[in-house]
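Shown next, in structure tokens, is the structure this report addresses.
Atom set for the values below is all heavy atoms of this structure, side chains included, hydrogens, waters and symmetry mates excluded. In what follows, chains carry the letters A, B, and so on, assigned in the order in which the sequence lines appear, proteins first and then strands, with residues in each chain numbered from 1.
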2 protein chains.
Amino acid sequence: MPSRAIVSRALADLFRQLAHADRLRLIEELRQGERDVTTLAQALALPTSRVSQHLALLRAHRLVEERRDGRNHVYRLAQPFLADWILEALPLVDVRARLEEAEHIDAARALWSAPGPNSSH
Amino acid sequence: MPSRAIVSRALADLFRQLAHADRLRLIEELRQGERDVTTLAQALALPTSRVSQHLALLRAHRLVEERRDGRNHVYRLAQPFLADWILEALPLVDVRARLEEAEHIDAARALWSAPGPNSSH
DNA sequence: TGCAAATATGCAGCATCTTGCAAATGTGAG
DNA sequence: CTCACATTTGCAAGATGCTGCATATTTGCA
């Protein structure tokens with residue numbers, strides 16, 4: 001009865017595709033509707049080649065679908081439920097600690113970039 | 001406003017922990033209640049050292065919690081919702097194709113292991 | 001104390017993923 | 001047909017993850 005192991009592998013494959021911040025952000029963008037590669041690349045501030053590679057991965061796993069419009073390739077979520085389901089995971093993740101940590105970093109950076117009169121300490 | 005990127009990274013970290021069939025099966029086992037390492041290792045047919053490593057990872061990300069009982073270490077899900085949420089992903093994954101593929105493999109294996117009278121072909 | 005069971009940890013080889021860049025392909029406009 | 005734009009693909013180096021095995025560490029018991 002290897003079905004348990006097979007299902008686990010299938011799920012693990014899915015999770016591996018989602019285990020990358022850029023790809024998650026792509027899915028989040030596509031949640032708002034169809035987008036072409038250049039638009040996505042601008043939104044994420046990434047080179048189009050990288051975005052294209054990520055999209056190829058997601059497409060290979062049937063998470064997104066593609067259609068051509070003129071010389072653009074327009075992508076959309078194959079199953080919009082995917083994006084909803086991902087957001088359901090937010091309570092599982094310790095976002096608060098990370099945001100606070102980022103704010104500390106921002107604060108530290110602000111101190112560095114705007115040194116006071118007696119910056120010699 | 002890097003909060004979007006931060007949340008994406010946090011989610012990606014979570015997905016990375018879940019992107020391994022053994023760890024998913026561990027979570028599935030723990031869904032049914034507390035288990036010690038040896039029991040888990042037997043259930044998954046894995047060496048205890050491997051199970052221990054997986055559990056250490058999951059524990060580092062606060063997905064499981066540990067308690068000692070005699071000389072055993074008993075693990076439990078930190079947030080039982082995790083297991084439910086994972087199962088919600090099943091419709092997103094093409095399990096059917098994989099199961100059929102596995103059945104084809106089984107069928108092929110059966111043909112090989114039980115060769116007919118004219119097996120030379 | 002000393003032994004054995006239960007877990008955990010360290011490490012090296014291997015596999016996989018990521019990244020940046022260059023080059024190739026495809027496609028509409030003139 | 002040719003050009004320019006949009007997208008994809010190929011590749012090598014570096015980073016990260018996995019596996020198997022050996023060795024610690026911890027704890028209960030005699």
For this session: Whole angstrom is fine here: how far is it from CZ in B/Phe15 over to P in C/dT18?
Result: 14 Å
Problem set entry | Closest to side chain of B/Arg16, choosing from D/dG17, C/dC21, C/dG26 | D/dG17
Exercise. What's the CD-C1' distance between A/Gln42 and D/dC5, to the nearest Å?
Worked result: 13 Å
For this session: Could you check how far CG of B/Asp36 sits from P of C/dA5, rounded to whole Å?
Result: 15 Å
Seminar exercise, completed: salt bridge (Lys or Arg N to Asp or Glu O under 4.0 Å) with B/Glu66: of B/Arg76, B/Arg59, B/Arg35, only one passes, and it is B/Arg59
Exercise. Considering only side-chain heavy atoms of A/Gln53, which listed nucleotide, D/dT9, C/dT27, C/dA8, is closest?
Worked result: D/dT9
For this session: Could you work out which one of D/dT19, D/dT9, D/dT26 sits closest to the side chain of B/His20?
Result: D/dT19
Exercise. What is the pairing partner of D/dA30, taking Watson-Crick or G-U wobble pairs with both distances under 3.5 Å in any strand?
Worked result: C/dT1
Exercise. Under the criterion side chain to side chain contact (heavy atoms under 4.5 Å, CB included), which of A/Val74, A/Asp69, A/Thr39 is the partner of A/Glu34?
Worked result: A/Val74
For this session: Specify the residue among A/Ser49 and A/Ala19 whose closest nucleotide of DNA chain C lies further upstream toward the 5′ end.
Result: A/Ala19
For this session: For D/dC5, take OP1 and OP2 only and decide whether either is under 4.0 Å from a side-chain N or O of A/Asn72.
Result: no
Seminar exercise, completed: Which of A/Glu28, A/His54, A/Gln17 passes side chain to side chain donor-acceptor pair (under 3.5 Å) with A/Arg23? It is A/His54
Exercise. Are the side chains of B/Tyr75 and B/Leu58 in touch, meaning some heavy atoms are under 4.5 Å apart?
Worked result: no
Exercise. When the distance from CG of A/Leu26 to P of C/dT18 is rounded to whole Å, what number comes out?
Worked result: 13 Å
For this session: Take atom CG of B/Asp22 and atom C1' of D/dC18, then tell me their distance rounded to the nearest Å.
Result: 10 Å
For this session: Would you please confirm or rule out a distance under 4.0 Å between OP1 or OP2 of C/dT27 and any side-chain N or O of A/Arg68?
Result: yes
Exercise. Does B/His73 place a side-chain N or O at less than 4.0 Å from the phosphate oxygens OP1/OP2 of C/dA8?
Worked result: yes
Exercise. In terms of side-chain heavy atoms of B/Thr38, which of C/dA6, D/dT7, D/dT26 is nearest?
Worked result: C/dA6
Exercise. If you check the B/Arg71 side chain, which of C/dT19, C/dA4, C/dT7 turns out closest?
Worked result: C/dA4
For this session: Would you kindly give the CG-to-P distance between A/Leu18 and C/dC17, to the nearest whole Å?
Result: 14 Å
Exercise. For D/dA6, does OP1 or OP2 lie under 4.0 Å from any side-chain N or O of A/Tyr75?
Worked result: no
Exercise. Which listed nucleotide (D/dC18, C/dT9, D/dT8) is nearest to the side chain of B/Ser52?
Worked result: C/dT9
For this session: Taking all heavy atoms of A/Val51 and all of A/Ala41, pick out the closest pair and write down the distance.
Result: CG2-CA, 3.8 Å
Exercise. Do B/Val64 and B/Leu26 have side-chain heavy atoms sitting under 4.5 Å apart?
Worked result: no
For this session: Would you kindly give the CG-to-P distance between B/Leu46 and C/dT7, to the nearest whole Å?
Result: 14 Å
For this session: Starting from P on D/dA6, measure out to CG on A/Asp69 and report it in whole angstrom.
Result: 12 Å
For this session: Classify the nucleic acid contact of B/Glu66 as base, sugar-phosphate or nothing, counting any heavy atom under 4.0 Å across all strands shown.
Result: sugar-phosphate
